[in-house]
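Each chain gets a letter, A, B and so on, in the order its sequence line appears, and its residues count up from 1. As the structure is a prediction and not an experimental result, all values here were calculated from the model.
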Number of protein chains: 2
Amino acid sequence: MKDIENLNYKELLEEFKILLKESGLKFTTQREVILKTLYKHDTHFSPEDLHRLLRKKFPKLNIGITTVYRTLNLLEKNSLATSISFGSQGKKFELNNKPHHDHLICVTCGKIVEFEDKKIEKKQEKIANEHEFELTGHIMQLYGHCKECQIKDKGID
Amino acid sequence: MKDIENLNYKELLEEFKILLKESGLKFTTQREVILKTLYKHDTHFSPEDLHRLLRKKFPKLNIGITTVYRTLNLLEKNSLATSISFGSQGKKFELNNKPHHDHLICVTCGKIVEFEDKKIEKKQEKIANEHEFELTGHIMQLYGHCKECQIKDKGID
DNA sequence: CTGTGTGCAAACATTTTGCAAGCAG
DNA sequence: CTGCTTGCAAAATGTTTGCACACAG
């Protein structure tokens, strides 16, 4: 798996172009603005949110939701992006250009908070070693109710 | 978060009934068989799979997918169950009546090793608290190469 | 030019909602 | 009896596919 951690936009773009060429695919304006927007906003985007933003910022492009889906899936397939999903609320995507981190996810409103914990990562390594595994990666997602949703759930309703 | 770890079915059922009463909801056959089936099978169920199984095992009930969704959401909202998303497919639900165990997965041969680590669990709680989340569950999956496959991988490939 | 990419509309898949009838309390 | 619950059908939501035209290489 290619390591694109800490790449700046120019490097990322280069990586994307190489990857397209290798697969016999074409570099298009749509694909470019999707990559650029993901890079600039550094958030978890749902396809729908990203699409809305793109239509607003690049009205002339008249970009379709279909293209957004296709490009996000393309990025994920090639390890330039990662999606995290929570069922009915759909997937959210982020670029893989920053150091590894994990996610806290509110099961009520879908809010995502990132966190990083070196001690846990260390412990994971240790567990892997104990079982004679050579680690290549991991998923860790914590699910719960965020502050706002705890209030909502208890107060009214 | 209510602790329902290690409850047997009778206790779990009691907990469910109390919870329903507290919310002014009713105890119905549908809700009962859903709880019981989740308890018995001790797996991650998608709503469709659970629905299919329920229709097969309790044909007279003629249970609707709607009820399955509603009950699973009810259980999750009250922390008796947790839903997680495996990959790109929909949600899967499991009861919270067992201590959470996690998985080490060999990406080559698919072998799965279960493990449990109290320190990591504690740390996760701490992280959640720092972000004012009330935890309901988590996924932690470590991916890597198991001992046997490390040998194989080095030989060939 | 060639074949991939695009937007659109329609198809699909999954989950939620409106409703009339059923049933728990 | 009261009003929550249910199954059904329809709607809403999220995602993919077929197609004809556009465009990168």
Handout entry: Gap between atoms CG and C1', on B:L74 and C:dT16 respectively (whole Å)
Key = 15 Å

Problem - salt_bridge(A:K111, A:E148) N-O dist < 4.0 Å - result: yes

Problem - Short N-O contact, B:E48 and B:R52, less than 4.0 angstrom - result: no

Handout entry: Single hit among A:F45, A:Y9, A:F16 for ring-ring contact (aromatic ring centres under 6.0 Å, His included) with A:Y39
Key = A:Y9

Practice task
Report yes if at least one side-chain N or O of B:N73 is closer than 4.0 Å to OP1 or OP2 of C:dT16; otherwise report no.
Solution key: yes

Fill in the blank from the handout: Taken to the nearest whole Å, NZ/B:K21 to P/D:dT5 is 14 Å

Handout entry: Residue list, ring-ring contact (aromatic ring centres under 6.0 Å, His included) with A:H138, at least two apart or on another chain
Key = A:H100

Exercise for the section: Whole angstrom is fine here: how far is it from CD in B:E22 over to C1' in C:dG25? Expected result: 17 Å

Exercise for the section: Mind listing the closest non-hydrogen atom pair of A:N96 and A:I4 along with its distance? Expected result: O-CG1, 3.5 Å

Exercise for the section: Determine: side-chain N/O of A:Y69 to OP1/OP2 of D:dT15, distance under 4.0 Å, yes or no. Expected result: yes

Handout entry: Nucleotide C:dT14, atom C1' - distance to NZ of A:K91 in whole Å
Key = 14 Å

Exercise for the section: Would you indicate what B:I63 reaches in the nucleic acid, counting non-hydrogen atoms under 4.0 angstrom: base, sugar-phosphate, or nothing? Expected result: sugar-phosphate

Exercise for the section: Answer yes or no: does a side-chain N or O of B:R31 lie under 4.0 Å from OP1 or OP2 of D:dT6? Expected result: yes

Problem - Most 5' of B:L25 and B:T66 on DNA chain D, judged by nearest nucleotide - result: B:L25

Handout entry: Side-chain ion pair, A:E121 and A:K119, N-O less than 4.0 Å
Key = no

Problem - More than 12 heavy atoms of other groups within 6.0 Å of A:K98 NZ - result: yes

Exercise for the section: Please state how far atom NZ in A:K92 lies from atom P in D:dG14, giving the value in whole angstrom units. Expected result: 11 Å

Handout entry: Between C1' of D:dT17 and CZ of A:R70, the distance in whole Å
Key = 8 Å

Problem - Integer-rounded Å distance: C:dT14 P and B:I65 CD1 - result: 10 Å

Practice task
Check the pair A:H103 / A:E94 against side chain to side chain donor-acceptor pair (under 3.5 Å), numbers first and verdict last.
Solution key: CA-CA 12 Å; A:H103 299 105; A:E94 65 175 333; 3.1 Å; yes

Exercise for the section: Let me know, please, whether B:T28 or A:F27 comes out on the 5' side of the other along DNA chain D by nearest nucleotide. Expected result: B:T28

Mind listing the N/O atom pairs, protein and nucleotides 1-3 of chain C, below 3.5 Å?
| residue | atom | partner | partner atom | Å |
| --- | --- | --- | --- | --- |
| C:dG3 | N2 | A:K26 | NZ | 2.8 |
| C:dG3 | N3 | A:K26 | NZ | 3.4 |

Practice task
Round to a whole Å and report the spacing from CD of B:Q30 to P of C:dG22.
Solution key: 14 Å

Exercise for the section: Identify the two heavy atoms, one from A:S83 and one from A:E76, that lie closest to each other, and give their separation to 0.1 Å. Expected result: OG-OE2, 2.8 Å

Practice task
Strictly below 4.0 Å, heavy-atom distances to any atom of DNA chain D: list the hits from residues 45-62 of chain B, or just say none.
Solution key: B:L61, B:N62

